[in-house]
Amino acid sequence: MKYLIELQNLSFQTGGAGPAITVSAGLPAGSVLFISGPSGVGKTTLLRTISRLHGSISGEVYLDGQSWASYSVFQWRRLVHYFPQKPVLFSGTVRDNLTIPFTVARVSKDVVLNHDRAKRLLTLLLPGKSPEQDASTLSGGESSRLALIRALLIEPAVLLLDEPTAHLDRKTGTLVLQALAGWLNEQPRRGIIMVSHGNDAAQLVEMGASTDILNLGGRGKGAWDK
Ligand SMILES: Nc1ncnc2c1ncn2[C@@H]1O[C@H](COP(=O)(O)OP(=O)(O)OP(=O)(O)O)[C@@H](O)[C@H]1O
């Protein structure tokens with residue numbers, strides 16, 4: 001299989017005025033596709049379209065060669081997981097926020113939090129924070145990192161990240177990128193599509209990730225499709 005996820009002539013309309021945008025791109029497993037383009041061009045809308053939170057006009061998305069039409073919306077969003085710019089936390093503790101998605105799958109809370117990966121991610125991204133802390137007392141950046149840990153624990157095949165390092169200082173941003181690079185390397189068939197700036201791309205390359213750019217201000221093709 002050449003691509004983990006492939007956008008084939010995916011056409012969508014943003015909420016703003018302007019013509020529909022059509023993109024084609026393929027993401028090999030283990031790599032990161034950066035979405036670039038000027039403010040308001042439709043980067044967030046593209047991520048929301050890929051996750052089926054925003055309707056498309058035409059075209060298709062393939063995951064491991066299988067069209068998105070063959071998945072229920074629920075299955076698709078679990079496998080192709082959208083992480084918004086302002087993620088929502090549940091009321092309750094840090095622990096509750098990490099375990100709530102798993103109560104649906106009837107996995108015990110202790111299993112989730114005793115998982116090595118959960119412990120490692122908490123130590124990396126929220127050092128010094130207790131699982132018993134009320135999540136509403138976390139800072140904006142900490143809340144976002146807690147939500148990111150939750151997204152990583154859900155183990156999607158593809159993570160769609162909307163500016164995950166925005167508003168973070170460089171050191172904390174690097175920790176987030178380390179968590180993402182580690183997550184990519186853990187399993188062979190994972191990928192990330194993210195809206196972010198060139199500095200993140202350069203750092204991920206330094207960490208050994210293979211990256212590409214899909215420029216929405218440009219012709220709408222990934223470099224892998226040349
Ligand atoms: N619900 C909505 N109602 C009206 N307009 C909307 C809605 N959502 C998005 N838009 C508009 O659609 C356009 C694309 O928005 P989008 O958030 O996808 O842009 P973006 O490229 O991610 O921008 P930025 O880099 O500033 O975050 C913008 O002009 C935005 O104002």
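As the structure lists them, so they are numbered: ligands from 1, and atoms in each ligand from 1. Below, all heavy atoms of this structure are taken into account, side chains as well, without hydrogens, waters or symmetry copies.
Closest to atom 30 (C) of ligand 1 among all protein heavy atoms lies G16 N, 4.6 Å. Nearest protein heavy-atom neighbour of atom 18 (O) of ligand 1: T45 OG1, 2.5 Å. In terms of protein heavy-atom proximity, atom 17 (O) of ligand 1 is closest to T44 CB, 3.5 Å. Atom 25 (O) of ligand 1 has its closest protein heavy atom at K43 NZ, 2.7 Å.
Distance remark: protein heavy atom present below 4.0 angstrom from atom 28 (C) of ligand 1. When distances from atom 20 (P) of ligand 1 to the protein are checked, a heavy atom turns up under 4.0 Å. Within the 4.0 angstrom cut-off, atom 8 (N) of ligand 1 has no protein heavy-atom neighbours.
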- Message: Evaluate D162 against T44 for side chain to side chain donor-acceptor pair (under 3.5 Å), listing each step before the verdict.
- Response: CA-CA 7 Å; D162 203 347; T44 296; 2.7 Å; yes

- Test side chain to side chain donor-acceptor pair (under 3.5 Å) applied to T174 and Q203, step by step: CA-CA 8 Å; T174 301; Q203 279 204 77; 2.9 Å; yes

- Query: So D134 and T137, side chain to side chain donor-acceptor pair (under 3.5 Å) or not? Walk me through it.
  - Reply: CA-CA 6 Å; D134 188 330; T137 62; 5.3 Å; no

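Tracing side-chain contacts under 4.5 Å through hydrophobic residues (I, L, V, M, F, W, Y), one never reaches L10 starting from Y62; they form parts of separate clusters. The cluster map of Ile, Leu, Val, Met, Phe, Trp and Tyr, joined by side-chain heavy atoms under 4.5 Å apart, puts L53 and I5 in the same cluster.
Listed here is the closest heavy atom pair of Q13 and T45: O-CG2, 4.0 Å.
Partner of E155 under the side-chain hydrogen bond (donor to acceptor under 3.5 Å, both in side chains) criterion, chosen from R117, Q187, R78: R117.
If you look at Q85 next to ligand 1, the close heavy atoms, those under 4.0 Å, all belong to the side chain.
Proximity annotation for atom 14 (C) of ligand 1: of G40, G15, S39, G37, G40 comes nearest, heavy atoms only.
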